[in-house]
Amino acid sequence: MSTTLIRNGLVISATDEVTADVLVDGERVVGLLAPDSGLAGSADRVIDASGKYVIPGGVDPHTHMEMPFGGTYASDTFETGTAAAAWGGTTTIVDFAIQTVGSSLREGLDAWHAKAEGRCAVDYAFHMILSDVHEQSMKEMDILVGEGVTSFKMFMAYPGVFYSDDGKILRAMQQGTANGALTMMHAENGIAIDLLVQQALAAGRTDPRVHGDVRHALLEAEATHRAIQLARVAGSPLYVVHVSAQEAVAELAAARDAGLPVFAETCPQYLFLSTDDLAKPDFEGAKYVCSTPLRPRENQAALWRALRTDDLSVVSTDHCPFCFKGQKEMGRDDFSKIPNGMPGVENRVDLLHQAVVDGHITRRRWVELASTAPARMFGLHPRKGTLAPGADADIVVYDPHAEQVISAETHHMNVDYSAYEGKRVTGRVHTVLSRGEVIVDDGRYFGRPGRGHYLRRSTCDYL
Ligand code: URP
Ligand code: ZN
Ligand code: ZN
């Protein structure tokens with residue numbers, strides 16, 4: 001086993017900031033030591049982190065590599081998407097395996113294992129999208145929880161694709177109550193949205209900006225409220241994904257104030273982008289079509305506040321990239337045919353650091369939102385999300401003073417545009433270790449497909 005000493009950085013966790021040396025032996029962290037502990041001479045490799053932050057590698061608990069959606073496939077494969085994640089300081093992803101209607105959970109999970117195995121540059125795990133609720137799939141759910149797939153996403157949106165009605169949602173939540181799984185919810189009233197889509201198209205409104213109008217904030221809030229009540233009836237915990245509307249945040253805050261086991265995430269696109277982007281001319285707005293949709297800028301203050309108060313506990317990316325050319329273009333004459341999703345797995349850690357620079361969150365909250373909380377939420381802690389002795393040595397040495405301009409010219413995601421093109425941010429990933437191996441260092445990449453391990457997860461640490 002070779003040893004690495006990361007010297008003299010400011011080691012930041014969700015709770016502490018301390019100048020220390022981090023000692024790694026093989027794939028694991030073995031200790032934090034007072035600076036200049038005298039071990040520098042005996043370590044096989046020394047990384048000087050003076051003037052830099054040392055943080056646990058990012059955990060992105062919401063990605064869709066190669067996802068079949070909207071008549072096409074998300075453009076990042078597990079190979080390209082996990083390499084891009086590594087460049088951006090994310091050393092673990094949790095992707096969504098899909099059960100399609102008429103298929104078993106096992107078939108869906110096997111298909112995702114086949115796509116990911118031997119291709120990932122960083123460690124990975126799976127949630128399961130549950131599209132077909134019946135007694136057999138409920139039995140399978142129990143088996144999967146035992147195998148480390150401990151969270152199941154359901155959709156109140158997308159009728160005819162992933163949609164489940166309230167009875168099916170309640171039934172699956174009951175199963176989650178019994179087997180310890182966490183129910184994840186895409187909370188938008190898809191039936192009402194589909195009516196508004198048809199009415200908009202009939203009125204000749206075909207632009208990408210209409211996507212934001214028909215996916216009304218109140219239909220996100222209504223679905224969020226309904227999901228919370230269904231979870232209460234089932235006695236189950238709930239995790240609401242990609243929250244964007246302030247009215248939905250209010251529902252979550254009320255539930256949490258009442259002491260319910262209700263959790264939620266938002267994503268950088270809702271914190272940094274808005275309907276102004278969706279309204280860009282010449283079909284450029286299609287780059288920003290995702291669901292839930294981008295909201296008017298006024299919503300952002302409520303999202304930032306909720307991130308500070310923990311009514312939102314996690315920032316994921318919902319990375320689901322589609323190229324502008326050939327993919328987003330499928331909806332040139334009809335916004336409802338634009339594949340839903342945006343790229344971002346490479347940008348999350350930097351954008352959240354920019355939030356520190358802008359004064360929205362503290363450095364410790366940055367680490368918590370990007371790494372520790374998602375690891376705890378999805379049963380990966382203490383292996384991931386911390387630099388405590390025994391944890392995997394997934395470590396980012398972060399330069400808080402470097403300046404960069406985000407651009408598709410320089411990013412590593414397999415998509416022909418950046419949602420943040422031209423945005424100046426302060427801070428940059430300098431070095432990334434994944435299980436003790438340096439995979440990014442000072443602008444050079446040393447990762448390789450297949451070095452990432454599949455992770456069996458425990459159940460949620462907050463319950
Ligand atoms: O627009 C989105 N969010 N695409 C990915 C699928 C989902 O609903 O998360
Ligand atoms: Zn969703
Ligand atoms: Zn998603």
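Just follow the structure's listing: the first ligand is 1, and inside any ligand the first atom is 1.
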Let me see the working for Arg348 and Asp60 under side chain to side chain contact (heavy atoms under 4.5 Å, CB included), right down to the final yes or no. CA-CA 8 Å; Arg348 184 184 64 125; Asp60 188 343; 4.0 Å; yes
Ring pair (Phe, Tyr, Trp, His ring centres under 6.0 Å) between His319 and His62: does it pass, once the steps are laid out? CA-CA 7 Å; His319 177 76; His62 190 153; over 10 Å; no
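In this structure the side chain of Pro61 never reaches within 4.5 angstrom of the side chain of Met377, judged on heavy atoms. By the 4.5 Å heavy-atom criterion applied to side chains, Arg448 and Glu437 are counted as neighbours. Taking the side chain as every heavy atom from C-beta outward, Glu247 and Glu251 never approach each other to under 4.5 Å.
Protein residues having a heavy atom under 4.0 Å from any atom of ligand 1 are His62, His64, Phe69, Lys153, Phe155, Tyr158, His186, His242, Cys290, Ser291, Asp318, Cys320, Asn340, Gly341, listed by chain and number.
Residue pairs satisfying the ring-ring contact (aromatic ring centres under 6.0 Å, His included) criterion with at least one member in residues 154-173, sequence neighbours excluded, are listed as follows: Phe69-Tyr158, Phe69-Phe162, Phe155-Tyr158, Phe155-Phe162, Phe155-His186, Tyr158-His186. Applying the ring-ring contact (aromatic ring centres under 6.0 Å, His included) definition to pairs two or more places apart or across chains, none involves residues 192-215.
The Zn ion (ligand 3) has no N, O or S atom of Cys320 closer than 2.8 Å.
Ring geometry for His412 against Trp87 counts as parallel: the plane angle stays under 30°, on a 0 to 90° scale with 60° as the upper cut.
Thr77 and Arg119 share no side-chain donor-acceptor pair at under 3.5 Å.
Note on the Zn ion (ligand 2): protein N/O/S atoms under 2.8 Å are Lys153 NZ, His186 ND1, His242 NE2.
Judged by a 6.0 Å distance limit and a 45° cone about the ring axis, Lys328 is not positioned over the six-membered ring of Phe322.
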